[in-house]
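The figures here come from the full heavy-atom set of this structure, side chains too, leaving out hydrogens, waters and symmetry mates. Since this is a predicted model, take the numbers as computed values, not measurements.
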Amino acid sequence: TPPDADGPFYMVNFVRHRPRAEYPDGRETTLSGAQADALYGALLLLILVAIGAHLCAVMDTGPARCWGTSESANALFEPGVIGSALPRAREVYGDAAGITSGTQAACALSRTGTLTCARTPPSGAPGNPDPSVDTPSLPAPAATLAGSPLTACVSLRDGRVACADTLHQAEVPVTFRVIEGLSGVSRVVGLDPAMCALFDDAPPRCWGQNTEWGLLSRTLAPSFATPTAREGLGVAVSISAGANHACAAERDGTVRCWGR
């Protein structure tokens, strides 16, 4: 295609495979470079979730794969592993459609709408014990999962939202409670240190800790216990927040940002 004309764009990668695959962590393998490349390439990445100092990839099938470092490492990786440079699958979560992690626990959403949560062993526990595993009950199957360091929330398939506020307490079983006053929710979004519910026909409503730059409201109230609409936003399809600002993408294509 000429530089000044519209048309398809093609990208070609030239890859030379090693006779034997080599991994940064030094693991032994009998795979050739081509076999290892085909193995990882066969997995379809559906969702990439950033959680603190680590990332988790939700695949089209099988368990989520996480890498990086985490305070809740025993809940994300196998016992004794505090981090990983390579994606590691955690079989305890099964066939995951979503995953989130707090400081002491992590939760995964199955494709059938159930939850599995794992808590790190108590501080000072001898050896490297497996995490405690909870299967929280929900009033309806879950559709989406999101979280922050303290909280995990699910949007339920009946339009309600349920949350657990103990992801920072390893000794407390993870249980979910329905958030009153929310219905018709399409998905939930985690905005450390708050949560938001998104709707197909209404502006988002958020709750949790506000910030000095007004993450949840210009009123600068320190926190909101009940879901509250953020001033100036329309129907949003996504919201994301950084350390000093947040942005929302609205259904009509408008992007609105606030903060400093």
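Judged as a disulfide bond (SG atoms under 2.5 Å apart), the pairs with a partner in residues 228-260 (not counting sequence neighbours) are, in order, C247-C257. Among residues at least two apart or in separate chains, disulfide bond (SG atoms under 2.5 Å apart) pairs with a member in residues 203-234 are C196-C206.
Contact of the T116 side chain with the V133 side chain is registered, since non-hydrogen atoms from C-beta on lie closer than 4.5 Å. Side-chain contact between T175 and S137 is absent, with no heavy atoms from C-beta onward closer than 4.5 Å. C117 is listed as a side-chain neighbour of P136, based on a closest heavy-atom distance under 4.5 Å. Residues C153 and L145 have side chains not in contact (no heavy-atom distance under 4.5 Å, counting atoms from C-beta outward).
Here the straight-line distance linking atom OG1 of T166 with atom CZ of R119 works out to 8.0 Å at 0.5 Å rounding. With rounding to the nearest 0.5 Å, the separation of CZ in R160 from CG in L138 is 10.0 Å. Going from atom CG of L150 over to atom CG of D165 covers 8.0 Å, rounded to the nearest 0.5 Å. The structure places OG1 of T135 at 9.5 Å from CG of L115, a figure rounded to the nearest 0.5 Å.
Annotation for D200 and S186: closest pair OD1-CB, 3.5 Å, computed over non-hydrogen atoms. Scanning all heavy atoms of the two residues, the minimum distance from T226 to T228 falls at O-OG1, 3.0 Å. Nearest heavy atom pair, residue A140 against residue D158, reads CB-OD2, 3.5 Å. The minimum heavy-atom distance between T100 and A146, with the atom names listed, is OG1-C, 3.9 Å. Between V58 and A96 the shortest heavy-atom distance is CG1-O, 3.4 Å.
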Walk me through it: do R260 and E212 pass the test salt bridge (charged side-chain N to carboxylate O under 4.0 Å, His left out)?
CA-CA 10 Å; R260 62 186 183 191; E212 61 182 15; 2.6 Å; yes
Verdict with reasoning, C163 to T151, per side-chain contact (heavy atoms from CB on, under 4.5 Å)
CA-CA 7 Å; C163 296; T151 304; 4.3 Å; yes
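Applying the 4.5 Å side-chain rule to ILVMFWY residues, one finds that V172 remains a lone member of its cluster. With side-chain heavy atoms closer than 4.5 Å counting as contact, directly or through intermediates, the hydrophobic cluster containing M195 also holds V161, I179, L182, V185, V188, F199, W207.
Side-chain atoms of S155 come within 3.5 Å of backbone atoms of T144 as a donor-acceptor pair (strictly under, hydrogens ignored). Checking side-chain atoms of T211 against main-chain N and O of Q209 turns up no donor-acceptor pair under 3.5 Å. A side-chain donor-acceptor contact under 3.5 Å links W213 to the backbone of A243. Using modelled atom types, no side-chain atom of D134 and backbone atom of P173 make a donor-acceptor pair closer than 3.5 Å. Between the side chain of R157 and the backbone N or O of A142, at least one donor-acceptor pair lies under 3.5 Å.
Under the rule for a side chain to side chain donor-acceptor pair (under 3.5 Å), the partners of S110 that lie at least two apart in sequence or sit in another chain are T112, T114.
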Output side-chain donor-acceptor pairs under 3.5 Å for residues 229-242, partner residues at least two apart or in another chain, one line each.
{"unit_1": "R230", "atom_1": "NH2", "unit_2": "G214", "atom_2": "O", "d": "2.6"}
{"unit_1": "E231", "atom_1": "OE2", "unit_2": "S217", "atom_2": "OG", "d": "3.0"}
{"unit_1": "E231", "atom_1": "OE2", "unit_2": "R218", "atom_2": "N", "d": "3.4"}

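I99 is not connected to L109 by any chain of hydrophobic side-chain contacts under 4.5 Å among Ile, Leu, Val, Met, Phe, Trp and Tyr, and they are in different clusters. A continuous path of ILVMFWY side-chain contacts below 4.5 Å connects V189 to F224, so both sit in one hydrophobic cluster.
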